[in-house]
Amino acid sequence: MLRLGVTGLERTAGGQHQSQSTYTYTFEHEQGPAVLLNYAAVQFARGASSMPNQSSPTRYSAVAQTFHWLIAALVVNQFVLGLWADSLPNGIHRLALLARHKSFGMTVLVLAILRLLWRLKNAPPELPSDMTPLGRLLARTTHIAFYVLLFTMPITGWLMSSAKNYSVSWFGLFTWPNLIGKNETAFNVLRSTHHLLSDVLFAIAVLHILAALKHHFWNKDDVLLRMLPFTKSGKRS
Amino acid sequence: MMKRLLASAALLAAVSLAGAVNAADPVSNYSADPQQSHLEFVGVQAGANFTGAFHKFTAAVEFAPDALASSHFDVQIDLNSEDSMDKDRDTTIRGPDIFDVAHWPTAHYVTRSFTKTAAGYAAVGALTLRGVTKDVPIEFQFTQAAAGAKLVGSAKLKRLDFGAGQGDWKSTEWVADAVKINFSLVLKPKT
Ligand code: HEM
Ligand code: HEM
């Protein structure tokens, strides 16, 4: 199922991706999973220079853009649904909003898994060469934090629902298994954690958006454009 | 004098007739052992199943496989003992819009007729919930045990038939109308 999803997405990635995929494949087979992990970490840190046979792209690929904007939209939707539900007393309206919140939230989890798998095999474009070390560190840290939160947000939500003995349905089509048994204390802890993580995610998103806008309007570089579909990157000045 | 004689003869006849029926009555009288018996419902909330147990109920069971016509179940359920393992949900279920335990603290089920089925037995009985009485069929298996019997079965009902869903909860979009009942009773002979 997972494999299928990745393959489907890869197809839309187009030819640029093909050679790289073959490369990873042989690498994996020659030297085993430990090396693959190392390779993944290097890829994530944009250290593509140490990799032979790999030209750094200048734009985020269609797949990366699709993941980025789809997940970004879903995350915004999660905040709307979660905060709206939380402002309501117990009742059918709250139940309905939380049901949607959980279904979309589990969708984020699945997409985050696919996105991470894809990202580990596909290096993003290099950061602009004129960025300061602090800027690079901030960019890298926020991106890693995003990936961590895209997992921990849904997982704490899922755990919280399990601890309250409310099984999570996916749009009424199937039910996810409960991760833990009924546990009031765990529920309270997980609920606070979910809330706290959502605050962190919110703060990082604000920073991230401000940074993207700063790059575009202040530094006048390609950083925003290369994540936007239907645009062209090229030296702006 | 004559009248008196006749009256006592009639009385005698009546008494002996009643005795004869009693002696020929093959059903055994049981009651459910509260420690080992379970009664629960399975509802669907926002697409996912949830289970609620009734911790307090009594079941008087008069049953024999070869005397279905004179078999009879009488079950009283304390709705305040409803437990879905979440106090928010329990508050809603016991509250005015679902069970309304303040007005109708108990549910009552009395059978009317029994039939043999391929898998075991079926019965039709009247369930009274929230002051509404409606027929609910049940299916069950009955197995004789050393010191009593075991009765395991299920039923399906629609909560809205009984008005168990007022106001917002009348909608079946987020809470299904269909509710399944499961029971597993350990029966002890009545003394
Ligand atoms: C990226 C994914 C997610 C994000 C960004 C997110 C965000 C939020 C936010 C902002 C709130 C309101 C917080 C508050 O006011 O306390 C919330 C509440 C909630 N979320 Fe999530 N959530 C996500 C995924 C999930 C998932 C997958 C589930 C369950 C399967 C879930 C279950 C809940 C529940 C039950 C609440 C209400 C908690 C309460 O009782 O106050 N969330 N979420
Ligand atoms: C809350 C929703 C968002 C999330 C979770 C999110 C997450 C991410 C992540 C994880 C990356 C790194 C991609 C990678 O290298 O694998 C990224 C990159 C990027 N995001 Fe977002 N993003 C969000 C919203 C936005 C918005 C609203 C904008 C536009 C204002 C934006 C603009 C960008 C840009 C321009 C990049 C590329 C940065 C670079 O070239 O290094 N993001 N985003």
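Reckoned from all heavy atoms, side chains included, excluding hydrogens, waters and symmetry mates. Since we're looking at a predicted model, the values are computed, not measured. Naming: A, B, ... by sequence-line order, numbering from 1 per chain.
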Taking all non-hydrogen atoms of both residues into account, name the closest pair between Ser169(A) and Ala46(B) and its distance.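 Heavy atoms only, the tightest pair is CB-O, 3.2 Å.
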Grab the two heavy atoms, one from Ala48(B) and one from Ser167(A), that are nearest each other, plus how far apart they are. CB-O, 3.3 Å
Rounded distance (nearest 0.5 Å) linking atom [atom1] of [X] with atom [atom2] of [Y]:
X: Glu173(B); Y: Ile92(A); atom1: CD; atom2: CD1; value: 8.0 Å
X: Asp88(B); Y: Leu95(A); atom1: CG; atom2: CG; value: 11.5 Å
X: Trp174(B); Y: Arg100(A); atom1: CH2; atom2: CZ; value: 4.5 Å

So which part of Lys164(A) gets closer than 4.5 Å to some heavy atom of chain B, the side chain, the backbone, both or neither? both
Inspect the surroundings of [atom1] in [X] and state if more than 12 heavy atoms from other residues, nucleotides or ligands are less than 6.0 Å away.
X: Phe171(A); atom1: CZ; value: yes
X: Lys190(B); atom1: NZ; value: yes
X: Lys150(B); atom1: NZ; value: yes
X: Lys182(A); atom1: NZ; value: yes
X: Trp84(A); atom1: CH2; value: no
X: Lys156(B); atom1: NZ; value: no

Quick one: what part of Asn49(B) sits under 4.5 Å from any heavy atom of chain A, side chain, backbone, both or neither? backbone
Side chain, backbone, both or neither: which part of Ser84(B) has a heavy atom under 4.5 Å from chain A? backbone
Can you tell which of Asp97(B), Asp86(B), Val44(B), Asp168(B) has the highest number of heavy-atom pairs within less than 4.5 Å of chain A?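 Greatest number of close heavy-atom pairs with chain A: Asp86(B).
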Flag side-chain contact, heavy atom, 4.5 Å: Asn165(A) against Thr51(B): no
